[in-house]
*Asks:* 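Here it is: the structure, laid out below.
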Amino acid sequence: MENKDRVTMDCRTKPDANCSLLISGTEPEVLELAEYHVTTKHGFKKDAGLRDQLRSLLKRESFAR
Ligand SMILES: [Zn+2]
């Protein structure tokens with residue numbers, strides 16, 4: 001997996017339909033911000049499983065070539 005690929009997490013799809021935030025960047029960048037966002041805004045618990053949970057919400061951008 002190419003680590004420089006850009007991924008997005010669309011909060012409007014998950015984890016909260018009432019939130020419109022869209023986070024985009026490389027996977028480590030998005031995970032860092034997403035972790036902060038969902039723990040402060042959506043009451044998620046910061047535990048060992050959180051990053052795995054967030055990782056499952058990421059969408060990989062695909063570019064037409
Ligand atoms: Zn949100």
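All values below come from the heavy atoms of this structure, side chains included, with hydrogens, waters and symmetry mates left out. Just follow the structure's listing: the first ligand is 1, and inside any ligand the first atom is 1.
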*Asks:* What number of protein N, O or S atoms occur at distances under 2.8 Å from the Zn ion (ligand 1)?
*Replies:*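 Under the 2.8 Å cut-off, the count stands at 4.
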*Asks:* How far does OG1 of Thr40 sit from NE2 of His42, to the nearest 0.5 angstrom?
*Replies:*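 Interatomic distance, Thr40 OG1 to His42 NE2, rounded to 0.5 Å: 8.0 Å.
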*Asks:* Got a sec, which residues hit side-chain contact (heavy atoms from CB on, under 4.5 Å) with Leu58, two or more places apart in sequence or on another chain?
*Replies:*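 Only Val7, Met9, Glu27, Val30, Leu31, Arg55 meet the side-chain contact (heavy atoms from CB on, under 4.5 Å) criterion with Leu58.
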*Asks:* Just to verify, what does Glu29 make a side-chain contact (heavy atoms from CB on, under 4.5 Å) with, not counting sequence neighbours?
*Replies:*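 If we apply the side-chain contact (heavy atoms from CB on, under 4.5 Å) test to Glu29, skipping adjacent residues, the hits are Thr26.
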*Asks:* Could I get the full list of side-chain contact (heavy atoms from CB on, under 4.5 Å) partners for Thr8, not counting sequence neighbours?
*Replies:*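 Leu22, Ser24, Lys59, Glu61.
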*Asks:* CG/Leu50 to OG1/Thr39 distance, rounded to the nearest 0.5 angstrom?
*Replies:*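 Interatomic distance, Leu50 CG to Thr39 OG1, rounded to 0.5 Å: 7.0 Å.
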*Asks:* Are there over 12 heavy-atom neighbours, none belonging to Glu32, within less than 6.0 Å of that residue's CD?
*Replies:*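 No.
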